[in-house]
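Below, each value reflects all heavy atoms present in this structure, side chains not excepted, and no hydrogens, waters or symmetry copies.
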Amino acid sequence: FNYTVTLTGGCGNATSTGTITVNTCTGIEEVSTSKNFIIYPNPSQGQFTIQTEKGGVFELMDITGKVLKTYTITNNVQTINENLPSGMYFIRDKKYQSVVKLIIE
């Protein structure tokens, strides 16, 4: 978008022009490309499975990064059932700091 700003007043006149460029956002990328766990189904209705090679501690975070819940997984697979509003969430492995996006429909 091109813009022009014109100032007038007791200090004289000034005009400035410029361009504002808006890039299209097609989505949010995964925070980490080195994931040691998967989540399925994703999107889900609130019931999802975390599958990992060694278990661990995982955090459910909202879009702002606030930790909503912590899960300790002792087996390789754990099914979780949460009553969450529709939206985007993140699951973070506390040890490795890898993050996976979770969509709740």
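Applying the side chain to side chain donor-acceptor pair (under 3.5 Å) test to N42 and every residue at least two apart in sequence or in another chain returns nothing.
Looking only at atom types and distance, the side chain of S98 has a donor-acceptor partner in the side chain of N36 under 3.5 Å away. N76 and T52 share no donor-acceptor pair across their side chains, judged by distance under 3.5 Å alone.
Here the straight-line distance linking atom NZ of K54 with atom OG1 of T74 works out to 15.5 Å at 0.5 Å rounding. In this structure, CD in Q51 is found 11.5 Å from CD1 in I39, a value given to the nearest 0.5 Å. Note that the CE atom of M61 and the NZ atom of K101 stand 13.0 Å from one another [nearest 0.5 Å].
When each of T70, T72, I73, V100 is paired with F58, the side-chain contact (heavy atoms from CB on, under 4.5 Å) condition holds for I73 and for no other.
No donor-acceptor pair under 3.5 Å is formed between the side chain of Q47 and the backbone N or O of S44. The backbone N or O of K66 lies less than 3.5 Å from a partner atom in the side chain of D62, making a donor-acceptor pair.
I104 and Y40 are not part of a single hydrophobic cluster, where members link through side-chain heavy atoms under 4.5 Å apart. I103 and I38 fall into different hydrophobic clusters, where Ile, Leu, Val, Met, Phe, Trp and Tyr side chains are chained together by heavy-atom contacts under 4.5 Å.
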From CA spacing to verdict: side-chain contact (heavy atoms from CB on, under 4.5 Å), L102, L60: CA-CA 9 Å; L102 171 65; L60 170 67; 4.3 Å; yes
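Under a 4.5 Å side-chain heavy-atom cut-off, the cluster of Ile, Leu, Val, Met, Phe, Trp and Tyr residues that includes V57 has no other member.
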Side chains of residues 77-91: which donor-acceptor pairs under 3.5 Å do they make with residues two or more places apart or in other chains?
unit_1 : atom_1 : unit_2 : atom_2 : d
T79    : OG1    : T49    : OG1    : 3.1
E82    : OE2    : K69    : NZ     : 3.3
E82    : OE2    : Y71    : OH     : 2.9
S86    : OG     : E105   : O      : 3.4
Y89    : OH     : P85    : O      : 2.8

